[in-house]
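What you see below is based on every heavy atom in this structure, not just the backbone, and it leaves out hydrogens, waters and symmetry mates. Numbered from 1 within each chain, the chains take letters A, B, ... in sequence-line order. Predicted model only: the values in this text are computed from it and were never measured.
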There are 2 protein chains.
Amino acid sequence: MSPKTQQQFQELREQKKMQILNAALKVIANHGYNGATISMIAREAGISKGLLYSYYESKEQLLEALISFGMEKAAAFMEDPDAGKPHSKESFAAMLRKMIQMVMQESDFWRMYTTLLLQPNMSGKIQPQAQKFVEQYLGIYIAYFQKKGSRNPMAEAMLFGAVLDGLMFDLMVAPDQYPLEEVLEMIVEKFA
Amino acid sequence: MSPKTQQQFQELREQKKMQILNAALKVIANHGYNGATISMIAREAGISKGLLYSYYESKEQLLEALISFGMEKAAAFMEDPDAGKPHSKESFAAMLRKMIQMVMQESDFWRMYTTLLLQPNMSGKIQPQAQKFVEQYLGIYIAYFQKKGSRNPMAEAMLFGAVLDGLMFDLMVAPDQYPLEEVLEMIVEKFA
DNA sequence: TATCTTTGACTGAACGGTTGGTCAAAGATA
DNA sequence: TATCTTTGACCAACCGTTCAGTCAAAGATA
């Protein structure tokens, strides 16, 4: 059959696929989709250009894989019972912290995500999955503000969404020297 | 001497320069700097590729002109006494509205601005002017929250900055169907 | 008025360099 | 040996940029 078992090859390929994905994410996040070249990505992944095409059939498909992978991670985070549905001031603060942590841990992905959403000719690639994600966490917070007795739960949830988006943006642009703790306290004070 | 007076030429050139600038802004905002080609920009401006180079010496310099022009507009807005330094709940709401209006009116510019800031290899082009702008309006709001007796004026101003950034982002991504009025009311309720 | 001259805006073919993508050949392993 | 991985030279297409040449408009001349 083959010099290595099918399973051995499968595992090796899966591993290398991840290696390429991570390299692509880093390069595309820093240079934009059009600014990132296949050569740059291959170099970052430590492989040749040709090999990349044995794992992903085109640059566009590589981007799609990148988006799917990142959004699946985000969806998994949302479904984590450990982080879901805040009921008290404390769990609100905990979920807020977890969310920030997720964004900062995967900051390359979220930078790419943001950039893609802002470019109409690219946004189609990410819009559907993004919309689903936003609706999901919006629903959670509408429920929270409803339970809290907000005068307008939907508006408060959307404003809180804007806070998260803005905080995410500010942290991505200037990750150092941001007084995160003090701002988080202020958010809890105003929203929790 | 000359077939047209120097002044006539000057005016014509100034006019066409604007025409190119607007075309470039539209194309670059929608496709990103690297995704936008000189051909696309020239086509959008209704001129030939060659002519563009008699007005701007390179694609990079065109981008710089775009940034300068947009940031000067923004700076002019900040210095407008009509919009400066909120002292009361009402003037806070008025300035908030004016700011949103500016961003939506120049949404192409702010989309480009955001995208550039998020890409490290591009951010150098806009970072200095952006920083100056942010510091300026941050100062205004630190003073406002100080006067209001906030427990932590700096943190509250930064949080308010995040609100503006997030709201701006949400409006750029989904300009229609955003419940702006209700969210603005909520902002005034929480911050003014 | 009719003709000539001068000007600079304007065009698009062409250039060198880079891109995404292909492929024949070499390498590695059991 | 048989099979899959890996390489990098290679290609057509496209990029930003240049430049030789065209053109309409307006002053100058008689």
Send over the distance from [X] [atom1] to [N] [atom2], rounded to a whole Å.
X     : N      : atom1 : atom2 : result
A/L51 : C/dC23 : CG    : C1'   : 14 Å
B/R13 : C/dC10 : CZ    : P     : 8 Å
A/Q15 : D/dC4  : CD    : C1'   : 16 Å
B/E14 : C/dA9  : CD    : C1'   : 15 Å
A/L52 : C/dT19 : CG    : P     : 15 Å
B/I20 : C/dA9  : CD1   : C1'   : 11 Å
A/K17 : D/dT5  : NZ    : C1'   : 15 Å
B/R43 : C/dC10 : CZ    : C1'   : 18 Å

Once ring pair (Phe, Tyr, Trp, His ring centres under 6.0 Å) is applied, do any residues pair with B/F169, and if so which ones, sequence neighbours excluded? none
Which nucleotides of DNA chain D pair, in dot-bracket form (Watson-Crick or G-U under 3.5 Å, | meaning another strand): ||||||||||||||||||||||||||||||
Taking the six-membered ring for Trp, are A/F133 and A/W110 closer than 6.0 Å centroid to centroid? yes
Report yes if the distance between the aromatic ring centroids of A/F92 and A/F191 is under 6.0 Å, otherwise no. no
Just to verify, what does A/S107 make a side-chain hydrogen bond (donor to acceptor under 3.5 Å, both in side chains) with, not counting sequence neighbours? none
What residues form a side-chain hydrogen bond (donor to acceptor under 3.5 Å, both in side chains) with A/Q127, not counting sequence neighbours? none
Short side-chain to backbone donor-acceptor contact, A/K26 and A/D108, under 3.5 Å: no
Set of residues satisfying side-chain contact (heavy atoms from CB on, under 4.5 Å) with respect to A/K132, sequence neighbours excluded: none
Within the supplied structure, the quantity of interest is the number of heavy atoms (other residues, nucleotides, ligands) at a distance under 6.0 Å from A/E60 CD; does it exceed 12? no
Inter-residue atom distance A/L180.CG - B/M158.CE, 0.5 Å rounding: 10.0 Å
Let me have a per-nucleotide readout for nucleotides 11-16 of chain D, 5' to 3', with B, S or -, counting only protein heavy atoms under 4.0 Å. ----SS
Does B/Y56 reach a base, just sugar-phosphate, or nothing at all? Heavy atoms under 4.0 Å. nothing
